[in-house]
Protein chains: 2
Amino acid sequence: MTKPTQKRGTGCPVTFALDSFGDRWSLIIIRDIMVHGKKTYTAFLESDESIATNILINRLKQLETDGIVKKTRDPENRRSYTYTLTSKGRDLAPVLMEMIRWSGKYDTRPEAMKDAANAITQDPEDFERRLRETAP
Amino acid sequence: MTKPTQKRGTGCPVTFALDSFGDRWSLIIIRDIMVHGKKTYTAFLESDESIATNILINRLKQLETDGIVKKTRDPENRRSYTYTLTSKGRDLAPVLMEMIRWSGKYDTRPEAMKDAANAITQDPEDFERRLRETAP
DNA sequence: TAAATTACTTGCAAAATGCAAGCAATAAGG
DNA sequence: CCTTATTGCTTGCATTTTGCAAGTAATTTA
């Protein structure tokens, strides 16, 4: 198994956060759960950014180890697993929201999707509530 | 020169943000400017996380390209340069703050520095104002 | 009972990161 | 001024991480 990113031992909160989810993929997975309501390995694989299978499983394991994601069996289908956020994971909603706001302000590309940023501006509490419910 | 992380072409705001600063080092540099008032190449080199020289210059160039950081000559010392945040860079303050809050809640290590998280809880507006001023 | 689904694993290539050394332009000290 | 120190880099190479393509095992569906 490929090793997850090594953690740095300083007490800095920014470093702690980066060591937990500051890589190219972890927050994409968290977004897929929070924003798109995805729950399964194959659902994560189908996202626009096309993560590789080995990286995906690696990040899922790391997020599970860090207590951000929880893996349970799907009672309906014994070959499927359900990945959900823990409260530690749901508490990343504000981080995600501020990133979305920032991008909404500075992403000038035509393909930029500003809907989420606008929704946050209109009613941030409601947006956060919906993220935490792990929409949709 | 080593190439910076390649950008993904989806319109997703989370992806846009990650492509701008979602690597192991960019936010550490931004933290050093905002939280510790660092301005120079050598000051960044001296941070606890010990970034390599080639990576540092690579990230500074990328942050400059992305309009997050601005590089100017130091009028006092012609061999020195000053790296400062643009307004686009200063607008990352809320992202940094939410990361600090999250770490304040979940970093249980003895070395965890919770001062910043506590300060944010007590007076978030003031904390943000000070970050934007590029304290100290 | 054969084919499809789901969740992975494995091997290898490419890219990013990290380390150590060196270098050029200034500035400071004797 | 002439040597040494400072500042901001660059370069080469080893290590680590990422990415791609293929394959596998346990179900489940047709």
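Within every chain, numbering begins at 1; the chains are lettered A, B, ... in the order of the sequence lines, protein sequences first and strands thereafter.
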Rounded to whole Å, CG of N58(A) lies from C1' of dG19(D) at a distance of 12 Å
Check: Is the shortest side-chain N/O distance from R59(A) to OP1 or OP2 of dT18(D) below 4.0 Å?
Finding: yes
Does a side-chain N or O from K39(B) land closer than 4.0 Å to OP1 or OP2 of dG8(D), or not? no
Judged by nearest nucleotide, the residue sitting upstream toward the 5' end of DNA chain C, N77(B) or T40(A), is T40(A)
So, D23(B) and S26(B): side-chain donor and acceptor under 3.5 Å apart, yes or no?
-> yes
Using a 4.0 Å heavy-atom cut-off across all strands, classify T53(B) as base, sugar-phosphate, or nothing. base
Separation of dC9(D) atom C1' from Y81(B) atom OH, nearest Å, is 9 Å
(request) May I ask you to decide whether D91(B) forms a salt bridge with R132(B), counting only side-chain N to carboxylate O separations under 4.0 Å? (result) yes
At under 4.0 Å, does any side-chain N or O of T42(B) touch on OP1 or OP2 of dG8(D)?
-> yes
R79(A) atom CZ is separated from dA7(C) atom C1', nearest whole Å, by 10 Å
* To do: Check the angle between the aromatic planes of W102(B) and F21(A) and answer parallel, tilted or perpendicular using the 30° and 60° thresholds.
  => perpendicular
Taken to the nearest whole Å, CG/L45(A) to C1'/dT5(C) is 13 Å
Checklist line | No-hydrogen, no-angle side-chain donor-acceptor test under 3.5 Å, Y106(B) and D66(A) | finding: no
Under 4.0 Å, heavy atoms only, any strand: does F44(A) hit a base, just the sugar-phosphate, or nothing? nothing
Of the listed dG18(C), dT6(C), dG8(D), the closest approach to the N54(B) side chain comes from dG18(C)
Taken to the nearest whole Å, CD/E64(B) to C1'/dG8(D) is 13 Å
Can you find a side chain N or O atom of S80(B) that sits less than 4.0 Å from OP1 or OP2 on dG8(D)?
-> yes
Here the distance between atom C1' of dT29(D) and atom CZ of R78(A), to the nearest Å, is 17 Å
Does dG8(D) have OP1 or OP2 sitting under 4.0 Å from an N or O in the side chain of K61(B)?
-> no
Contacts of E76(A) and I51(A) projected onto DNA chain D by closest heavy atom; the upstream (5') one is I51(A)
Notebook entry, point to check: Between T15(B) and E49(A), does any side-chain donor sit less than 3.5 Å from a side-chain acceptor?
Noted result: yes
R24(B) CZ to dA15(C) P, in whole Å, measures 21 Å
inquiry  = At less than 4.0 Å, is any side-chain N or O atom of W25(A) found next to OP1 or OP2 of dG19(D)? Yes or no.
reply    = yes
When rounded to whole Å, the OH to P distance for the pair Y41(A) and dC8(C) reads 7 Å
With the side chain defined as heavy atoms from C-beta on, I55(B) is closest, among dA7(C), dT26(C), dT17(C), to dT17(C)
